[in-house]
Amino acid sequence: MFHMLSCFNLAPGKSAADFEARLAPYVAELQALDLVVDALPVGERRTDTILDTDEERSHRYFMIMRFRDKAQSDASVAHIEAGSEPCGRLHRHAYAVVRDPVFICWEVDDEGSPCG
């Protein structure tokens with residue numbers, strides 16, 4: 001499975017619930033087109049633990065989108081970049097409240113081992 005971690009902040013006055021409400025129709029549309037497996041709920045960073053050691057980033061929120069494989073992920077990106085609607089509009093609406101995004105991707109095989 002191919003994963004994309006989104007690290008981000010939100011626009012002033014916006015909450016994780018606001019973002020998730022905007023994100024849900026976008027993810028549902030991608031699922032209907034078989035362009036994503038799912039998206040996990042938005043999580044809020046916890047810096048009050050010794051386990052959080054990232055001093056380079058100050059992102060407050062995180063979310064993971066899961067794809068069957070890199071090919072599905074690439075097809076999803078191509079669909080959005082082509083300006084296909086309603087995905088383009090739903091993508092813009094969801095991410096309009098996101099600030100400072102950073103995306104990290106990784107893949108594991110069906111047994112949970114790193115692919116390579």
- Task: Take R46 and D52, measure what side-chain contact (heavy atoms from CB on, under 4.5 Å) needs, and give me the verdict at the end.
- Result: CA-CA 7 Å; R46 295 292 309 263; D52 187 312; 5.8 Å; no

- Query: Can you find a pair of side-chain heavy atoms, one from K14 and one from R22, that are under 4.5 Å apart?
  - Reply: yes

- Keeping the roles fixed (side chain from D18, backbone from S15), state whether a donor-acceptor pair exists under 3.5 Å. yes

- Message: Applying a strict under-4.5 Å side-chain criterion to I, L, V, M, F, W and Y, I'd like to know whether I64 and F19 cluster together.
- Response: no

- Message: Is there a path of hydrophobic side-chain contacts, each under 4.5 Å between heavy atoms of I/L/V/M/F/W/Y residues, joining M1 to L35?
- Response: no

- Note on the structure: Rounding to 0.5 Å, atoms CG (L33) and CD (Q72) come to a distance of 10.5 Å

- Query: Got H59 and D54 here, is their nearest side-chain heavy-atom distance under 4.5 Å?
  - Reply: no

- Task: Apply side-chain contact (heavy atoms from CB on, under 4.5 Å) to the pair L30 and H91, showing each step before the final yes or no.
- Result: CA-CA 10 Å; L30 289 176; H91 182 265; over 6 Å; no

- Item | Y26 OH to R92 CZ distance, which is reported to the nearest 0.5 Å | 11.0 Å

- Item | Donor-acceptor contact present, side-chain E107 to main-chain D69, <3.5 Å | no

- Any side-chain heavy-atom pair from V108 and H3 closer than 4.5 angstrom? yes

- Task: Verify the cluster assignment for F2 and V77: are they in a single hydrophobic cluster under the rule of side-chain heavy atoms below 4.5 Å apart?
- Result: no

- Query: Between the side chain of Q31 and the main-chain N/O of V37, is any donor-acceptor distance below 3.5 Å?
  - Reply: yes

- Query: Which pair of heavy atoms, one from N9 and one from S58, lies closest together, and at what distance?
  - Reply: OD1-O, 3.6 Å

- Message: Just so I know, are the side chains of L5 and W106 near enough to count as touching, which here means a heavy-atom distance under 4.5 Å?
- Response: yes

- Message: If hydrophobic clusters are built by linking Ile, Leu, Val, Met, Phe, Trp and Tyr wherever their side-chain heavy atoms come under 4.5 Å apart, do V27 and F103 end up in the same one?
- Response: yes

- Query: Less than 4.0 Å between a side-chain N and a carboxylate O, is that true for R57 and D100?
  - Reply: no

- Task: Could you tell me whether the side chain of Y95 reaches within less than 4.5 Å of the side chain of L23, counting heavy atoms only?
- Result: yes

- Message: Looking at every heavy atom in both A16 and V42, which two are closest together, and how far apart are they?
- Response: CB-CG1, 3.9 Å

- Query: Would a 4.5 Å heavy-atom cut-off, applied to side chains only, mark P41 and E20 as touching?
  - Reply: yes

- Does a side-chain heavy-atom distance below 4.5 Å link E29 with P86? yes

- Heavy atoms from other residues, nucleotides or ligands near CD of E85 exceed 12 (cutoff 6.0 Å): yes

- If you round to the nearest 0.5 Å, how far is OG of S6 from CG of L40? 11.0 Å

- Find out if a path of hydrophobic residues (ILVMFWY) with successive side-chain heavy-atom gaps under 4.5 Å connects L10 to M63. yes

- Message: Tell me whether E44 at atom CD has more than 12 heavy atoms from other residues, nucleotides or ligands lying less than 6.0 Å away.
- Response: yes

- Message: On a heavy-atom basis, which atom in P101 and which in F8 lie closest, and how many Å separate them?
- Response: CA-CB, 4.2 Å

- Query: With distance as the sole test, does S76 use its side chain to make a donor-acceptor pair with the main-chain N or O of V36 at under 3.5 Å?
  - Reply: no

